[in-house]
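Report on the structure given below.
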Amino acid sequence: MTRDEVYKTLTEVFCDIFDDDSITLADSTTAADVEGWDSLMHISLINAVQDEFGMKFAMKDVTGMKNVGQMVDLILSAKG
């Protein structure tokens with residue numbers, strides 16, 4: 001799976017979770033950049049991402065994630 005493929009799928013997940021088809025993701029995207037991305041929505045987002053990619057994030061990875069780029073890196077490393 002390429003970085004672009006991860007971004008395409010991740011964008012679909014974000015648009016679905018936040019009910020906003022205008023979301024555009026970049027490595028530097030953070031919760032402050034997405035309307036409605038609070039701590040409760042973060043849980044829903046993480047669950048949806050894990051389901052979509054068939055993986056589980058370690059708790060230390062979830063709490064240490066600072067931006068979408070780090071999320072993509074973790075997905076790519078899990079997909080090997």
Side-chain angles (χ1 to χ4, degrees):
M1 181 170 253
T2 68
R3 193 169 190 84
D4 286 342
E5 290 169 332
V6 171
Y7 262 102
K8 181 180 184 306
T9 302
L10 205 52
T11 299
E12 292 170 2
V13 172
F14 268 75
C15 289
D16 183 51
I17 290 293
F18 294 104
D19 196 27
D20 181 353
D21 290 337
S22 69
I23 293 174
T24 303
L25 300 177
D27 281 349
S28 61
T29 302
T30 66
D33 300 318
V34 179
E35 187 173 339
W37 189 353
D38 57 19
S39 58
L40 293 176
M41 288 302 290
H42 188 72
I43 294 167
S44 296
L45 176 64
I46 292 299
N47 286 334
V49 169
Q50 291 178 138
D51 289 347
E52 183 65 34
F53 288 96
M55 57 170 291
K56 289 282 186 194
F57 291 114
M59 185 54 71
K60 67 178 179 64
D61 292 332
V62 172
T63 58
M65 218 177 284
K66 302 296 182 212
N67 56 42
V68 171
Q70 289 179 343
M71 183 183 291
V72 172
D73 291 342
L74 289 170
I75 293 167
L76 286 170
S77 67
K79 300 311 271 178

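Since the model is a prediction, treat every value here as computed from it, not as a measurement. Along the sequence shown, the residues carry numbers beginning at 1.
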Next item on the list: Please name the pair of heavy atoms, one in Gly64 and one in Gln70, separated by the smallest distance, quoted to 0.1 Å.
Entry: O-OE1, 3.4 Å
Note to self: When you measure from the side chain of Thr29 to the backbone of Ala26, do you find a donor-acceptor pair of N or O atoms at a distance under 3.5 Å?
What the structure shows: yes
Item checked: Flag side-chain contact, heavy atom, 4.5 Å: Leu10 against Glu52 -> no
Margin query: Just verifying a value: how many Å separate Leu76 CG and Phe53 CZ, rounded to the nearest 0.5 Å?
Written below: 8.5 Å
Note to self: Assess, by modelled atom type and distance only, whether the side chains of Asp20 and Ser22 contain a donor and an acceptor separated by less than 3.5 Å.
What the structure shows: yes
Item checked: Considering all heavy atoms, the nearest Met55-Leu74 contact -> CE-O, 4.2 Å
Margin query: Taking side chain to side chain contact (heavy atoms under 4.5 Å, CB included) as the definition, give me every residue that meets it alongside Gln50, ordered by chain and number, with sequence neighbours left out.
Written below: Ile46, Asn47, Lys56, Phe57
Check: Does Ala48 have any side chain to side chain contact (heavy atoms under 4.5 Å, CB included) partners at least two apart in sequence or in another chain, and if so, which?
Finding: Val13, Ile17
Checklist line | Within 6.0 angstrom of Glu35 CD, more than 12 heavy atoms from elsewhere | finding: no
Next item on the list: Calculate, to the nearest 0.5 Å, the distance between atoms CG and CE belonging to Leu45 and Met65 respectively.
Entry: 8.5 Å
Margin query: With heavy-atom distances below 4.5 Å as the criterion, would you say the side chains of Cys15 and Asp21 are in contact?
Written below: yes
Next item on the list: Taking the side chain as every heavy atom from C-beta outward, state whether Tyr7 and Thr2 have any atom pair closer than 4.5 Å.
Entry: no
Next item on the list: Could you check Met71 against Ile75 for side chain to side chain contact (heavy atoms under 4.5 Å, CB included), going step by step and ending with a plain yes or no?
Entry: CA-CA 6 Å; Met71 183 183 291; Ile75 293 167; 4.0 Å; yes
Notebook entry, point to check: Same cluster for Ile43 and Val68 if Ile/Leu/Val/Met/Phe/Trp/Tyr side chains link at under 4.5 Å?
Noted result: no
Next item on the list: Taking all heavy atoms of Thr30 and all of Asn67, pick out the closest pair and write down the distance.
Entry: CG2-CB, 4.0 Å
Check: More than 12 non-hydrogen atoms from neighbouring residues, nucleotides or ligands closer than 6.0 Å to NZ on Lys8, yes or no?
Finding: no
Next item on the list: Report yes if the side chains of Arg3 and Asp73 come closer than 4.5 Å at any heavy-atom pair, otherwise no.
Entry: yes
Item checked: Closest contact, heavy atoms only, Lys60 versus Thr63 -> O-OG1, 3.3 Å
Margin query: Does the plane of the ring in Trp37 sit parallel, tilted or perpendicular to the ring in Phe18? Use 30° and 60° as the thresholds.
Written below: tilted
Margin query: Return the CG to CD distance between Asp16 and Glu12, rounded to the nearest 0.5 Å.
Written below: 9.5 Å
Checklist line | Asp38 CG: over 12 foreign heavy atoms closer than 6.0 Å | finding: yes
Checklist line | Close side-chain approach of Ile23 to Leu25, heavy-atom, < 4.5 Å | finding: yes
